[in-house]
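Below is one structure; the comments refer to it alone.
Numbers here simply count residues along the sequence, with the first being 1. Indexing begins at 1, ligand by ligand and atom by atom, following the structure's order.
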Amino acid sequence: MNTRRKFLQSSLFSSIGIVLTKKTLGASDSYPTVKGKPIVISTWDAGLNANKGAWNHLGKGGRALDAVEAGVMVTESEQSCCVGLGANPDRDGFVTLDACIMDDKFNCGSVAFLERIKHPISVARRVMEKTPHVMLVGSGAQQFAVAEGFTLEPQELSPDAKHAYEEWLKKSEYKPVINIENSKGHGPFAPSQFDNGEWNHDTIGMVAMDTDGNLSGSCTTSGMGFKMRGRLGDSPIIGAGLYVDNEVGAATATGQGEDVIRMAGSHTVVEYMRQGLSPEMACKKAIERVVKIKGEKAKDIQVAFLALNKKGEVGGYAIHKGFSYAVKSNDREELVKAKYVMD
Ligand code: GLY
């Protein structure tokens, strides 16, 4: 522990389709315009299940806001490396969660560095609806959640996270890299039991349009595995991990949060759509901006954006190969392999 403590004190960042029902879209195709509302899209393979959760509302004419909360709650309840209480801990061994939500009227709520609460997205919604604030963090966010009736869950790691943490502790090497899919289908901290490719997503970001044509979005994550205690990424930051402008469109981000925050990622995508770019081109331009800022180091990180506009057009783009997003509408339910700028 002493060695580790010393390391904790001294170290700084050392570096910083599947088709279900119809056809596979390859990375070279553009996503066709979806005809009609409602529609929901979300990041990574886990988005397929999350979209089903959202559809319980959207399919019955429900509000996009209810859909994006319910949708990502599905992922928060699943066992995964990077979302919910079953996820990887920080480097001190604690799972800390970040989430945000935004509706069609610029109302937004966010929680960060939240511990022992199963559904941070729902706490974020309460912050939006029941406080005059946008963001609560740490013990204050937890106190608010408990006061709102959320259960304080036991402070224990899931078996998968415990195993991953024990493996990480053997070296305690502080090289935080956001979990991304690689050619083997999993990220750098995936334990061996996930070699079957189930280790397949990090943050879940979701944006939706309901039958009334209104947009909302949500984003939830445990952030980087084995991160410095107190580290936040883009996911709880309105404008970075998520942004919604009901006149224009909505966007969300996944990947290395630091590099999304520094160029206000999701807001940038929405602004590109405001200028008339399609969601795909808006995401591409934003990715190109990340790459320009990052220079040579862009080869070492993954960032991806996903967007939906008022016409029901969707698009995504990533720095590297491997980013997928899930789409569900009245006539589609599929996983799309996003285009990327670097091999
Ligand atoms: N995109 C998630 C994070 O960086 O925490």
Which ligand 1 atoms, with their elements, are less than 4.0 angstrom from a heavy-atom of Gly223?
->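 It comes down to these atoms of ligand 1: 5 (O).
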Which atoms of ligand 1 sit under 4.0 Å from any heavy atom of Ser235?
->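 Selected atoms, number and element: 1 (N), 2 (C).
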Under 3.5 Å between any N/O of [X] and any N/O of ligand 1: does that happen in this structure?
X: Gly255; answer: yes
X: Thr203; answer: yes
X: Asp234; answer: yes

Mark the output for Arg231 as yes if a heavy-atom distance to ligand 1 is under 4.0 Å, and as no if none is.
->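 Judged by the 4.0 Å heavy-atom criterion, Arg231 does count as contacting ligand 1.
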Any salt bridge between Lys292 and Glu288, counting N to O under 4.0 Å?
->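 No, Lys292 and Glu288 are not salt-bridged.
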Examine the side chains of Ser122 and Glu69 and answer whether a donor and an acceptor come within less than 3.5 Å of each other.
->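 Judged by distance alone, the side chains do pair up.
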Exercise: do Glu76 and His119 side chains pair donor with acceptor under 3.5 Å |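 On atom types as modelled, these side chains qualify, holding a pair under 3.5 Å.
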Please lay out, stage by stage, how Leu65 and Asp104 fare under the test side chain to side chain contact (heavy atoms under 4.5 Å, CB included).
-> CA-CA 8 Å; Leu65 180 66; Asp104 52 302; 5.7 Å; no
So Tyr243 and Phe106, would you call those rings parallel, tilted or perpendicular, with 30° and 60° as cut-offs?
->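 Aromatic pair Tyr243/Phe106 classed tilted.
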